[in-house]
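Quick notes on the structure that follows.
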Amino acid sequence: MRLVTWNINSIRLRMGLLRQLTSVMAPDMICLQEIKVDDPLFPLADCQELGYPHVAFSGMKGYNGVAILSKLPFEDVTSLSRCGRDDRRHLAVKLAGGVQVHSLYIPAGGDIPDPEQNDKFAHKLDFLRDMAAWCAATIGPEDKVIIAGDFNVAPLENDVWSHKQMVKVVSHTPAEVELLERFQASADFVDAMRHFVPPSEKLFTWWSYRSPDWQKNDRGRRLDHVWVTPALRAGLRSTLVAREARSWTQPSDHVPVMVDLDL
DNA sequence: ATGGTGGCGCTGCCA
């Protein structure tokens, strides 16, 4: 099974790029984040025309929103609310055979890395705690679960262009990294990308819109992740970051991340 | 130290 996760930053604006992605990579499943469209306006027919008859989506007007496109049939579509908010950041489906696939969009957290001064950072930390508690309570040791999405945290030193210059910048602060690790430990998740790429190697999935020379300076971060439970570890086959997508016409600031695995 | 860009949708909010 080939799975791709992508923060598309408006599905309606980038339907053409989604088509490009499907023709280049031919994924069986696509987890999308930041679709930025209310459910009644979701381009369902367009997604099905791309070869994905099974589509789940949970959107809202203007912000957030997650979706799952699939060639494989699924059931038990669940839109999960986190931190008592209905902000459309977590969607789960179940494939035949019981494998769960989740599309997740963790809050970015604003600019100031202090929960006392910044409600958005407090929300991000709460969201990470919520995920850890929920996974610990609902995922058993034999369960096959894939959680993919924009986690908005770059945990390792080589998940950012400069650990030293980023350690006080939201996305790479110790408080977030520690809670992301707790979330990861809650179901003993395997980081599928780092399963193949050693931690000594830089690996990014996002480059800011604010640096026009993003290729030259390469000041990226690895904000997008695919995690699998131990029951799927032996099935992991390969991973790829579609870095070239950052140079597509009118790109998202995130690029697609692909993982091949046997279920 | 600062400001830099982009999407939504029409005013600032969010990333």
Side-chain angles (χ1 to χ4, degrees), chain A residues 5-21 31-43 46-47 57-67 81-83 85-91 103-115 117-128 148-155 159-162 164-173 175-176 180 204-225 243-257:
Chain A
T5 183
W6 189 24
N7 179 324
I8 194 169
N9 188 17
S10 171
I11 189 172
R12 286 177 295 175
L13 188 66
R14 274 180 258 284
M15 209 61 219
L17 296 189
L18 185 60
R19 178 179 298 276
Q20 198 166 335
L21 167 71
C31 294
L32 297 172
Q33 301 84 38
E34 282 208 274
I35 59 174
K36 291 187 174 176
V37 60
D38 206 0
D39 288 342
L41 296 173
F42 185 90
D46 292 336
C47 290
F57 50 91
S58 178
M60 57 190 284
K61 187 175 170 169
Y63 307 112
N64 309 330
V66 284
S81 84
R82 299 264 155 239
C83 310
R85 306 188 190 199
D86 181 27
D87 55 5
R88 311 301 176 98
R89 294 173 177 275
H90 187 181
L91 181 66
S103 182
L104 181 67
Y105 175 50
I106 293 177
D111 289 330
I112 303 166
D114 176 356
Q117 293 180 60
N118 174 5
D119 289 343
K120 287 188 275 194
F121 194 69
H123 179 217
K124 183 179 197 175
L125 300 183
D126 282 344
F127 196 104
L128 287 162
D150 175 6
F151 295 3
N152 268 313
V153 181
D159 292 338
V160 293
W161 62 278
S162 165
K164 195 177 167 187
Q165 295 192 65
M166 287 291 299
V167 75
K168 290 180 179 168
V169 175
V170 171
S171 72
H172 194 60
T173 65
E176 297 161 79
L180 187 77
F204 309 144
T205 65
W206 173 92
W207 293 263
S208 173
Y209 282 128
R210 298 181 194 183
S211 38
D213 53 351
W214 72 275
Q215 290 188 94
K216 187 177 134 212
N217 293 322
D218 197 20
R219 295 189 171 183
R221 309 176 196 174
R222 186 171 72 111
L223 302 180
D224 303 273
H225 301 267
R243 187 183 165 101
E244 70 277 11
R246 189 62 179 78
S247 296
W248 287 348
T249 305
Q250 201 171 28
S252 170
D253 45 355
H254 296 253
V255 300
V257 174

Any N/O pairs under 3.5 Å between the protein and nucleotides 12-15 of chain B? List them or say none.
residue: B:dA15; atom: N6; partner: A:Arg210; partner atom: NH2; Å: 2.6
residue: B:dA15; atom: N1; partner: A:Arg210; partner atom: NH2; Å: 3.1

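Under the rule for a salt bridge (charged side-chain N to carboxylate O under 4.0 Å, His left out), A:Asp224 has no partner lying at least two apart in sequence or in another chain. Taking A:Asp126 as the reference, A:Cys83, A:Arg129 meet the side-chain contact (heavy atoms from CB on, under 4.5 Å) condition, with sequence neighbours excluded.
Judged by distance alone, the side chain of A:His172 and the main-chain N or O of A:Asp159 form no donor-acceptor pair under 3.5 Å.
On the C1' atoms, B:dG4 is 14 Å away from B:dA15, given to the nearest whole Å. Taking atom P in both B:dG3 and B:dG7, the straight-line distance is 23 Å, to the nearest Å. Going from the P atom of B:dT2 to that of B:dG6 covers 23 Å, rounded to whole Å.
Counting heavy atoms from C-beta outward, A:Arg222 and A:Pro155 have side chains that approach closer than 4.5 Å.
Among the atoms of the strands shown, only primed sugar atoms or phosphate atoms (P, OP1, OP2) are found under 4.0 Å from some heavy atom of A:Arg12.
The CG atom of A:Asn217 sits 13 Å away from the C1' atom of B:dG4 (whole-angstrom rounding). A straight line from NZ of A:Lys61 to C1' of B:dG7 spans 14 Å, rounded to a whole angstrom. Atom CG in A:Leu13 sits roughly 18 Å away from atom P in B:dT5 (whole-Å rounding).
One finds no salt bridge joining A:Lys216 and A:Asp218 here, because no Lys/Arg side-chain nitrogen approaches an Asp/Glu carboxylate oxygen to under 4.0 Å. A salt bridge is defined here as a Lys NZ or Arg NE, NH1 or NH2 lying under 4.0 Å from an Asp or Glu carboxylate O, and A:Asp46 with A:Arg12 fails to meet this definition.
A:Ser208 has no side-chain polar atom (N or O) that falls below the 4.0 Å cut-off from OP1 or OP2 of B:dG4.
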